[in-house]
Amino acid sequence: GENVEQHPSTLSVQEGDSAVIKCTYSDSASNYFPWYKQELGKGPQLIIDIRSNVGEKKDQRIAVTLNKTAKHFSLHITETQPEDSAVYFCAANNGNAGNMLTFGGGTRLMVKP
Amino acid sequence: DVKVTQSSRYLVKRTGEKVFLECVQDMDHENMFWYRQDPGLGLRLIYFSYDVKMKEKGDIPEGYSVSREKKERFSLILESASTNQTSMYLCASSQIRGEKLFFGSGTQLSVL
């Protein structure tokens with residue numbers, strides 16, 4: 001089945017700096033890669049997603065890049081703000097088994113004011 | 001505002017008890033999911049359902065069962081709770097299987 005690894009597990013940045021979270025996946029049939037943000041006391045919320053026919057997608061301060069050959073994808077947050085502090089999860093779908101999502105282990109991002 | 005509502009935020013149970021975790025969604029979604037969240041392990045899929053009375057095992061179904069009698073409600077059942085089932089449980093729903101999941105706020109279950 002699919003295996004998704006996420007790094008780093010914790011990330012601390014100064015407000016205004018950029019943050020990058022990286023994920024690798026194992027299933028070459030995966031074609032959908034979402035990112036979720038989980039704030040304290042809440043469930044994860046979808047913030048951006050990308051399909052395998054696209055190499056990059058942006059939405060204001062966040063962007064996701066995908067390298068299908070290397071089987072890795074990354075989340076980039078620019079001009080970080082304290083409200084970006086949260087746990088971020090990457091995921092990849094299992095293209096050969098019902099399209100279920102496999103999640104990475106999560107990254108705790110702390111933005112220091 | 002769309003919602004996935006989990007019945008309890010915190011739950012404390014004893015080993016061997018039967019535990020019911022309830023989830024209701026108001027978006028008329030076909031698909032519903034139960035995940036377990038543990039530090040460093042991310043979210044792991046326990047069971048999912050793509051239609052009323054239909055269910056499929058996820059990656060870690062052992063020790064759990066589910067029930068979906070109505071489209072909007074998906075219940076997770078721990079037949080005989082054990083300490084290794086202490087965890088955060090998250091319910092989710094989606095219109096397209098595996099895409100754009102909406103999550104509830106979670107139930108933190110402690111089994112003593």
Side-chain angles (χ1 to χ4, degrees), chain A residues 1-11 21-27 29-54 57 59 75 86-108, chain B residues 1-10 21 23-25 27 29-51 54-61 74 76 87-108:
Chain A
E2 175 70 281
N3 182 45
V4 177
E5 296 199 358
Q6 182 172 346
H7 299 281
S9 56
T10 60
L11 179 59
I21 303 170
K22 299 181 179 182
C23 289
T24 60
Y25 62 98
S26 61
D27 184 0
S30 295
N31 56 18
Y32 175 71
F33 307 91
W35 286 87
Y36 286 81
K37 175 184 181 182
Q38 185 178 30
E39 297 175 338
L40 198 61
K42 297 183 179 180
Q45 183 175 11
L46 178 68
I47 55 171
I48 194 168
D49 54 11
I50 191 169
R51 298 190 186 277
S52 58
N53 59 347
V54 175
K57 184 176 179 181
D59 183 3
L75 178 72
V87 178
Y88 292 80
F89 293 98
C90 64
N93 69 334
N94 188 329
N96 293 324
N99 204 40
M100 290 297 106
L101 291 178
T102 298
F103 285 83
T107 297
R108 181 172 299 278
Chain B
D1 197 16
V2 296
K3 263 193 173 173
V4 177
T5 303
Q6 294 185 231
S7 54
S8 304
R9 184 71 182 96
Y10 298 97
L21 302 183
C23 175
V24 177
Q25 51 100 358
M27 294 166 281
H29 283 167
E30 303 291 333
N31 304 285
M32 296 189 75
F33 311 84
W34 275 105
Y35 284 90
R36 171 176 170 159
Q37 181 179 6
D38 298 289
L41 298 179
L43 282 63
R44 292 180 292 166
L45 182 64
I46 305 171
Y47 266 97
F48 69 96
S49 168
Y50 52 88
D51 201 354
M54 303 302 291
K55 59 185 180 183
E56 294 278 352
K57 292 179 180 179
D59 298 320
I60 53 165
F74 193 34
L76 180 69
S87 188
M88 171 68 78
Y89 290 88
L90 290 163
C91 175
S93 72
S94 72
Q95 188 56 38
I96 302 172
R97 190 185 301 189
E99 295 191 15
K100 301 191 190 306
L101 272 59
F102 288 85
F103 282 89
S105 295
T107 295
Q108 180 63 53

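So that the names make sense, note that chain A is the first sequence line, chain B the second, and so on, each numbered from 1.
Closest of all the heavy-atom pairs between B:L101 and A:Y36 is N-OH, 3.0 Å. Closest approach of B:L43 to A:P44, counting heavy atoms only: CD2-CG, 4.1 Å. The minimum heavy-atom distance linking B:L90 with A:G43 is given by the pair CD2-CA, 4.2 Å.
For B:R9, the part lying under 4.5 angstrom from a heavy atom of chain A is the side chain only. Residue A:Q6 does not touch chain B at all, counting heavy-atom pairs closer than 4.5 Å. With a 4.5 Å cut-off on non-hydrogen atoms, B:Y50 does not touch chain A at all.
Put simply, of B:Q37, B:Q6, B:R44, the one with the most heavy-atom pairs under 4.5 Å next to chain A is B:Q37. Per-residue heavy-atom pair counts under 4.5 Å with chain A were compared for B:R97, B:M88, B:E99, and the maximum is reached by B:E99.
Remark: A:L46 CG to B:F102 CZ distance equals 8.0 Å, nearest 0.5 Å. Rounding to the nearest 0.5 Å places CZ of A:F89 at 11.5 Å from OH of B:Y35. For the atom pair CG (A:N93) and CD1 (B:I96), the distance works out to 12.0 Å, reported to the nearest 0.5 Å.
Within the 4.5 Å cutoff, the side chain of A:M100 has heavy atoms near those of the B:F33 side chain.
Counting heavy-atom neighbours within 6.0 Å of A:Q45 CD, excluding the residue itself, gives a total of 12 or less.
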